[in-house]
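We name chains A, B, ... by the order of the sequence lines, and we start the count at 1 in each one. Model, not experiment: these values are computed from the prediction.
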Amino acid sequence: MEKINVKLPDGSTEICLSGKTVGETLSSRCGDAVTSAVAARVNGEIVDLSYPMDEDAAIELVGISSAEGLGVLRHSISHIMAQAVQDMFEGVRVTIGPSIEDGFYYDFEYSDTFTPEDLEKIEKRMREIVTANHPFIRTEMSREEAVSFFENKGEPYKVELINDLPNDVTEVSLYSQGGFVDLCRGPHIPSTGMIRAFKLLNVAGAYWRGDEKNKMLQRIYGTGFATQEELDDYIRLIEEAKKRDHRRLGRELDLFQMNDEAGPGLVIFHPKGALLRTIIEDWEKKEHLRRGYDIVMGPQILKVDLWKKSGHFDHYRENMYFTEVDEQLYGIKPMNCLAHMLIYKSKIRSYRDLPLRYFELGTVHRHEKTGVLHGLMRARQFTQDDAHILCTPDQLNAEIRAIADLVDYAMGVFGFTYEVELSTRPKDSIGSDADWDLATAALKLALEDNKILYDINEGDGAFYGPKIDFKLKDALGRKWQCATIQCDFALPERFDLSYIGADGERHRPVMLHRVILGAIERFMGVLIEHYAGAFPVWLSPVQASILTVTDNQIPHGEAVYNQLVDAGIRCEKDFRNEKLGYKIREGQMQKVPYMLVIGDREVESGTISPRQRDGSNLGSMDVLDFVSIVNEKCDKYE
RNA sequence: GCCCACGUAGCUCAGUCGGUAGAGCACAUCCUUGGUAAGGAUGAGGUCACCAGUUCAAUCCUGGUCGUGGGCUCCA
């Protein structure tokens, strides 16, 4: 046996015998850390603990609780699920079963359907497999061998996967546990007994290879964790998310409705929802005017020829609605850019006029497929806080950076953190390669100048240009796409926009499309879930509710109400003939920030006694003092 | 659009193995005038999503339509 140099996780180097596995090599030296490891990194590459060491290497352990380790664990659980399913149901074909962000899934082809009761049975069988503590065994085969192996097993999906591998792949790996064999790159946990906590969550349809032209398979989702406590925490998180569901809170707090008679994907804002929206929109107008934007307003429908000119008719028609007026075909706008183009073109522009920043709270209609509609998050009519910035190529960088700053400011005001992605040219797109390269480089440079970390999302840009997407993270850590900046050389070209430069010649401006909150509806949905309906004072549609102890205080209550409304406080009266505790309970469930209690004592001293949403009391005070408290909070966006 | 599940009072949900339905909360009226998360009594409220079919009889069975939910594809 040869000797090899092994660099251990603690940084020390040891001389070991070759031919031993990673696990064996480390077990004498790292003890417990190996027991809780699911895999290892050898020279940076993730491998099984059973990987044989045959040359000098640096080894790191992949612990069960690390993000990577959890992925390995969940992937192994998905194999166990596939084994259980194939044991229990006749005629099931296995396809793929990866780990995903919060768990794993496995897609099956099966003539019957899996029911929730089936999931329980599958879980039970999986527990038996876990208890049996089968080792995961890796074997390798040539691709020809593997093809005939899976053909013999009657697994056509696996055969297709192997056949579609790149030509230079000559060997594939297979993993087996307890007699179940699956094509898989690995790595896997050493044996099934390592699994402590898992749960199957739901069944759903999914297209083979994610292509809607392919057969619909049945997908079973599940998740797994290193410990039962972590799994319990995750289940609690799901329950918390359910409680915060904006569709539920929208009804409970009387903010909005979706109505069958009105149609799917259409939001009807009730007074409180409309007020919340107005508060957000007023804030937006103020912030945009402060930053040199001009507020504009375009029409809801524009002649179809204009949509042909812009490219929307060719590239976005599927999502558009059309209507006929006086035998003329009109497109209902799915985006706000066209009118902004026409505003720019309404006169000759000088380089001295640029940049021009047109802002519109533009209501658009998009024909979304029925299956994707989801409350406020995905509607067919929504309003974007949209702007189009026309500038010289020289100004592009500063404009993009200013938008990124505005996004950062807005996210801070609403209490979100966020992540950034840069999306590049998609297949179905317009414009020259040179322009795409230029635009992509401009976005990249601005991000780097602002020292913003970002990921690249290949091929996910808009049809007219690359984009920066901002994904905000809410109180439960969920990500939502809201702000986006899109660079566009195509539309100025198509509309033949120009400005006169310092040289007296005509030049082509560059355009940026951008939204900050995105769609107001979606943003409101995110806000509702983020705050669990308990909005900060500045956003709360009802900031204070006035509660009388008995009917005797109604006249004073009316006076207080008038005083508050006069001072611009959004308040409600609860002068009903009910006990104070009853009214407080109601106000609490409506998540009103302040309840102003008025009893005989307050009438006598001409005061109010505010109770805060957290249950604490501020003691009795003058109405005007309360007004200053509220105003101060609003000024600080609290 | 596709797969699966679901649709009973304003809300949350029972129920009818085919004989036109019930609770709690909410609502109305009355009693009660009560100081920080539900005082009491009475009452009203449903063509059981819609349209066909089977049946003596359909909320229940069958088919279709619409809508909702979980996903897939797509997206702000």
Exercise. What nucleic acid atoms does A:Asn617 come within less than 4.0 Å of, heavy atoms only: base, sugar-phosphate, or nothing?
Worked result: base

For this session: Name the nucleic acid region contacted by A:Gly371, choosing base, sugar-phosphate or nothing; use a 4.0 angstrom heavy-atom cut-off, strictly under.
Result: base

For this session: Taking only Lys NZ, Arg NE, NH1 and NH2, and the carboxylate oxygens of Asp or Glu, determine whether A:Asp245 and A:Arg247 approach each other closer than 4.0 Å.
Result: yes

For this session: Provide the distance between the two P atoms, one in B:C56 and one in B:C66, to the nearest whole Å.
Result: 32 Å

Exercise. NA contact type, A:Phe382, heavy-atom cut-off 4.0 Å: base, sugar-phosphate, or nothing?
Worked result: base

For this session: With a 4.0 Å heavy-atom cut-off, tell me which residues in residues 588-602 of chain A come close to RNA chain B, sorted by residue number.
Result: A:Gln588, A:Val597, A:Gly599, A:Asp600, A:Arg601, A:Glu602

For this session: Answer yes or no: is there an ion pair linking A:Asp405 with A:Arg291, defined by an N-O contact shorter than 4.0 Å?
Result: no

Exercise. Given that A:Arg219 and A:Phe114 both sit by RNA chain B, which one's nearest nucleotide is further toward the 5' end?
Worked result: A:Phe114

Problem set entry | RNA chain B contacts made by residues 246-269 of chain A, counting heavy atoms under 4.0 Å | A:Arg247, A:Arg251, A:Asp260, A:Pro264

Problem set entry | Salt bridge present between A:Lys479 and A:Glu421 (N-O < 4.0 angstrom) | no

For this session: Salt-bridge test for A:Glu578 and A:Arg585: reply yes if a basic N is under 4.0 Å from a carboxylate O, no otherwise.
Result: no

Problem set entry | Positional range of nucleotides in RNA chain B within the contact set of chain A, heavy-atom, under 4.0 Å | B:G1 to B:A76

For this session: Can you label the angle between the A:His246 ring and the A:His374 ring as parallel, tilted or perpendicular, going by 30° and 60°?
Result: tilted

Exercise. Within the structure shown, what part of the strands sits under 4.0 Å from A:Asp551 by heavy-atom distance: base, sugar-phosphate, or nothing?
Worked result: base

For this session: Assign A:Tyr105 to base, sugar-phosphate, or nothing according to its heavy-atom contacts below 4.0 angstrom with the strands shown.
Result: nothing

Problem set entry | Separation of the C1' atoms in B:C74 and B:C17, to the nearest angstrom | 44 Å

Problem set entry | Pairing partner (Watson-Crick or G-U wobble, both distances under 3.5 angstrom) of B:C27 | B:G43

For this session: Considering only atom C1', compute the distance from B:C13 to B:C48 and round it to an integer number of Å.
Result: 14 Å

Seminar exercise, completed: Under a 3.5 Å limit on both distances, the Watson-Crick or wobble mate of B:U65 is B:A49

Problem set entry | Interatomic distance at P, B:C11 relative to B:A49, whole Å | 13 Å

Seminar exercise, completed: To the nearest 0.5 Å, atom NZ of A:Lys633 lies from atom OG of A:Ser540 at 11.5 Å

Exercise. Between A:Tyr106 and A:Phe108, does the ring centroid distance fall short of 6.0 Å?
Worked result: yes

Problem set entry | Inter-nucleotide P distance (B:G19, B:A58), Å rounded | 11 Å

For this session: Return the nucleotide paired to B:U16: Watson-Crick means purine N1 to pyrimidine N3 with N6-O4 or O6-N4, wobble means G-U with N1-O2 and O6-N3, both under 3.5 Å.
Result: none

Problem set entry | Pair A:Phe414 and A:His530, ring centroids less than 6.0 Å apart | no

Problem set entry | Touch class at under 4.0 angstrom, heavy-atom based, for A:Val549 against every strand present | base

Exercise. Donor-acceptor pair, A:Lys583 side chain versus A:Thr548 backbone, under 3.5 Å?
Worked result: yes

For this session: Would you give the length of the straight line joining atom OH of A:Tyr293 to atom CD of A:Glu287, rounded to the nearest 0.5 angstrom?
Result: 11.5 Å

Exercise. How are the rings of A:Phe416 and A:Phe523 set relative to one another: parallel (under 30°), tilted (30 to 60°) or perpendicular (over 60°)?
Worked result: perpendicular

Exercise. Is there a Watson-Crick or G-U wobble partner for B:C72 with both distances under 3.5 Å, and which nucleotide is it?
Worked result: B:G1

Exercise. Base, sugar-phosphate alone, or nothing: which one does A:Thr370 contact when heavy atoms must sit under 4.0 Å apart?
Worked result: base

Exercise. Under 30°, 30 to 60°, or over 60°: which ring-plane class applies to A:His75 and A:His79, parallel, tilted or perpendicular?
Worked result: perpendicular

Exercise. How would you label the contact of A:Lys467 with the nucleic acid (heavy atoms, under 4.0 Å): base, sugar-phosphate, or nothing?
Worked result: sugar-phosphate

For this session: In whole angstrom, give me the gap between the C1' atoms of B:U20 and B:G34.
Result: 45 Å

Exercise. Quantified in whole Å, what is the P atom distance between nucleotide B:U73 and nucleotide B:G18?
Worked result: 41 Å

Problem set entry | Centroid-centroid distance, A:His367 to A:Tyr321, less than 6.0 Å | yes

Exercise. Considering every strand shown, what is the Watson-Crick or G-U wobble mate of B:G34 when both distances are under 3.5 Å?
Worked result: none

Exercise. So what does A:Arg576 touch, heavy atoms closer than 4.0 Å: a base, only the sugar-phosphate, or nothing?
Worked result: sugar-phosphate

Exercise. Considering heavy-atom distances to RNA chain B, does A:Gly210 or A:Ala379 have its closest nucleotide positioned more toward the 5' end?
Worked result: A:Gly210

Exercise. How far, in whole Å, is B:U62 from B:G22 if one measures between their C1' atoms?
Worked result: 28 Å

